[in-house]
Amino acid sequence: MDKQGNESNHSKKNNKDVSLDDMNLGSKSISRRNMLKALAGVPVAGLLGFNLWRKIDFDKEKELRTLKELGLHELQNQKTYCHKVGEAHITIGIIGFGNRGRALAQGLGFLHPKEIEKRKKNNTFKSLEQQGDLNVSIVGICDVFDLHAQRGLETANSNLWHKSNHSVKRYLTYQEMLSDKDIDAVIIATPDHHHARMAIDAIKAGKHVYLEKTIAHTEDELNELYDVVKNSNVVFQLGHQITQSTTFKQAKEIIDKGVLGKITLVEATTNRNTPEGAWIRHLDSNGNPKPGNEDEIDWKQWLGQTPYVPFSIDRFYNWTKWFAYDTGMIGQLFTHEFDAVNQLLRIGIPKTVSSSGGIYYWKDNREIPDSLHCILEYPDRDLTMLYSANLASSRKRGRVFMGHDASMELGNTIRIMIDNNSTRYKSSIQKGLIDTSSPVISFDPNVGQIDALTSATAKYYADRGLTNTVINGKEVDVTHLHLREWLTCIRENRMPSSNIDIGYEIGITSLMAHRSYIEKRQVSWDEKNKRIV
Amino acid sequence: MIKQNISYTKSQLCVLLALRFLVGWHILYEGISKVLNPQWSSYSFLNESQWILSGISKWIISNPNILMLVDAVNIWTLILVGAFLILGFLFKPSAIIGSLLLLTYYLNAPPLLGLEYSIPMDGSNLIVNKTLIESVVLVLLVLFPTNKVFGIDYFIFRKTVKD
């Protein structure tokens with residue numbers, strides 16, 4: 001380099017040198033030789049293009065071969081998301097307008113004006129616009145807390161799509177709301193100890209019901225609710241929205257096609273490590289108690305049928321911590337996990353359930369465990385479902401379906417690993433057609449298609465988890481989809497996905513898990529007499 | 001100062017041309033592979049950003065529209081720079097832009113002592129990595145140009161000189 005470098009030294013030139021000065025930069029005509037030299041890069045680009053074409057072809061063929069090997073080459077495309085809703089206008093009352101009530105109102109297309117402003121500012125308004133108008137009005141709000149009720153009224157008047165022709169009314173009791181003939185349907189989003197009673201009364205009053213989980217706090221309530229729904233013409237939807245996610249639908253197809261082989265073990269987990277996640281929610285971000293006192297909260301009504309205790313802001317916001325109002329992680333988190341597994345494998349109520357755990361980290365005034373493990377046995381299906389939850393470590397453990405031929409991790413994405421000792425794929429593994437060391441299939445709803453043989457880096461991108469799902473490239477809130485399904489079923493008199501039969505299975509299974517924890521013994525399901533023993 | 005009348009030995013020329021084609025090839029394919037992979041986003045990379053550019057990277061990923069714009073600009077810069085390096089078209093600005101782009105990648109995730117990344121890095125690196133080397137190689141190619149003869153730039157500069 002230092003001999004020639006960028007130095008222009010003609011005297012150093014010899015015959016072997018190639019002088020860039022000699023290239024006739026100033027000549028009038030372009031010689032063929034110079035022309036060819038100038039286009040030296042073209043064959044290189046051509047070579048790249050040719051190899052690129054070969055690579056694309058090769059990848060496609062390899063992917064198709066893998067998909068064929070797994071029997072997944074003919075996967076159905078996801079249903080399209082259509083903005084059309086029925087013409088019948090539906091009037092809705094919301095009972096309980098706390099955090100979940102707000103989220104449900106948002107799913108219906110109602111958002112507090114301040115929230116709209118905030119979302120427009122931080123650029124998160126777009127996903128809401130995908131929802132489309134559901135042709136509903138929120139005409140009634142019932143909440144025992146004045147502040148929540150007021151927020152509910154303001155939200156109900158703020159539809160994203162149209163100005164409401166209906167006035168919004170606040171009801172002081174849910175019975176008052178149910179007696180209003182102008183309300184077609186109710187959404188129940190109160191603390192859990194009210195759920196079943198309110199739903200039963202609503203159905204008896206002829207209202208369609210969207211009930212947040214958990215479905216019921218006792219076996220008697222659940223049985224009564226089941227009978228009431230079965231003997232009515234109303235549409236009942238339980239708030240288990242996971243089935244609406246695109247990933248879930250794809251997972252169902254993969255399982256139905258038998259890609260995993262015989263599944264004998266399913267592991268589901270909850271891994272959280274924050275006060276919020278452990279239901280310590282009565283303090284604001286500055287550590288001060290959140291608003292609410294006995295003058296603004298109808299405490300007696302809030303307690304309902306539960307034993308009287310003096311007003312406590314801790315109980316009001318953190319009701320999950322006490323067994324009088326909830327079953328803790330079983331009611332709040334296990335139900336979702338079980339629902340996911342049940343709707344994929346249709347396993348129903350287990351034969352036996354054993355739960356154990358304790359309060360090992362959050363040693364406050366709680367009754368619910370912060371470490372909980374439930375074993376559900378299905379001897380008739382040759383299957384065990386394990387649920388393990390911890391509120392003092394957020395290490396991700398995922399939700400895994402373990403089959404003899406492959407395992408599937410299902411979260412916001414799907415990853416399938418072929419088992420090294422699989423019988424079905426044995427010859428493909430031996431021939432090197434299938435690699436067992438990395439996921440052979442990963443499905444990312446952001447793309448909307450199965451992508452076999454993803455690269456290691458691509459797998460990282462797939463991990464961006466959201467509560468939203470993606471349909472045809474559009475991001476949609478799953479709660480919105482679940483509500484939409486409920487409304488469509490009301491208009492078309494059809495059965496929704498989280499209907500009373502599914503709800504009953506979840507309800508009984510949760511109560512079994514809860515009773516096992518409380519009674520420190522294995523409990524069984526008496527199929528004949530429909531009782532937990 | 002660089003003048004047009006530079007002379008190289010044949011082997012020097014061959015190596016310079018090879019270097020230009022190889023770097024161009026690499027950069028062009030990096031861009032094309034991102035177009036071919038609809039899952040690709042710079043999100044994970046920017047999310048890992050730890051050094052002096054971490055502030056701006058966090059800002060980019062906090063805004064979906066900006067992130068989309070950055071992704072598109074990144075992909076098309078890679079494709080154009082890569083193709084222009086190979087073809088020897090607008091070589092000098094392309095190489096400088098390419099070098100700066102690579103330097104930006106480096107500054108977002110330099111293998112400095114104490115900085116750890118959850119995304120696996122290519123090879124074992126301490127302060128120096130292949131991105132930094134490639135960035136410097138592009139500067140070298142600007143200083144030892146071959147485009148005015150072995151590139152489409154020949155047609156441009158031929159006219160300039162003629163006029």
Side-chain angles (χ1 to χ4, degrees), chain A residues 1 3-10 12-14 16-28 30 34-35 37-45 47-49 51-52 55-56 59 122-124 126-127 442 444 446-449 451 454-464 473 475, chain B residues 1-14 17 20-22 24-25 28-29 32-33 36-41 43-45 47 62-66 82-89 118-120 140 143-155 157-162:
Chain A
M1 285 291 179
K3 182 184 141 210
Q4 303 282 324
N6 58 352
E7 172 188 317
S8 76
N9 189 345
H10 289 263
K12 281 183 183 174
K13 272 190 277 170
N14 57 40
K16 287 183 180 176
D17 282 358
V18 178
S19 169
L20 275 71
D21 193 26
D22 293 343
M23 306 318 271
N24 301 327
L25 288 172
S27 74
K28 284 178 185 172
I30 304 169
N34 289 344
M35 168 85 98
K37 279 184 177 171
L39 297 176
V42 175
V44 178
L47 193 64
L48 174 60
N51 280 289
L52 185 68
K55 184 176 162 44
I56 291 170
D59 287 350
N122 64 18
N123 222 344
T124 52
K126 218 174 178 180
S127 66
S442 88
D444 183 347
N446 288 306
V447 190
Q449 64 192 23
D451 176 27
T454 47
S455 69
T457 14
K459 274 178 254 149
Y460 280 93
Y461 307 131
D463 257 351
R464 280 178 284 156
E475 211 179 322
Chain B
M1 192 169 158
I2 303 182
K3 293 181 179 175
Q4 283 151 6
N5 47 352
I6 303 167
S7 58
Y8 304 122
T9 64
K10 266 188 179 168
S11 50
Q12 283 172 332
L13 183 67
C14 283
L17 275 175
R20 198 184 98 191
F21 291 148
L22 294 176
W25 183 299
L28 175 57
Y29 184 67
I32 292 174
S33 68
L36 293 178
N37 177 10
Q39 288 188 56
W40 185 84
S41 159
Y43 180 92
S44 304
F45 176 75
N47 197 27
S62 71
N63 190 323
N65 291 345
I66 302 280
F84 288 3
L85 287 181
I86 291 176
L87 296 173
F89 177 59
S118 64
I119 292 183
L140 178 137
L143 298 179
F144 295 89
T146 49
N147 57 304
K148 287 172 192 169
V149 174
F150 293 92
I152 294 175
D153 283 343
Y154 163 74
F155 301 108
F157 288 93
R158 189 187 146 268
K159 272 191 176 169
T160 317
V161 175
K162 199 175 81 176

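We name chains A, B, ... by the order of the sequence lines, and we start the count at 1 in each one.
Neither the backbone nor the side chain of B:Leu17 comes within contact range of chain A; no heavy atoms are under 4.5 Å apart. Of the two parts of B:Leu85, neither the backbone nor the side chain holds a non-hydrogen atom closer than 4.5 Å to a non-hydrogen atom of chain A. Using a 4.5 Å cut-off between heavy atoms, A:Leu47 contacts chain B through both its backbone and its side chain.
Note that NZ of A:Lys55 and CD1 of B:Ile32 are 12.0 Å apart. Values are rounded to the nearest 0.5 Å. To the nearest 0.5 Å, the span separating CZ on B:Arg20 from CG on B:Leu140 amounts to 13.0 Å.
For B:Ala83, the side-chain contact (heavy atoms from CB on, under 4.5 Å) partners two or more places apart in sequence, or in a different chain, are B:Leu28. For B:Phe21, there are no ring-ring contact (aromatic ring centres under 6.0 Å, His included) partners at least two apart in sequence or on another chain.
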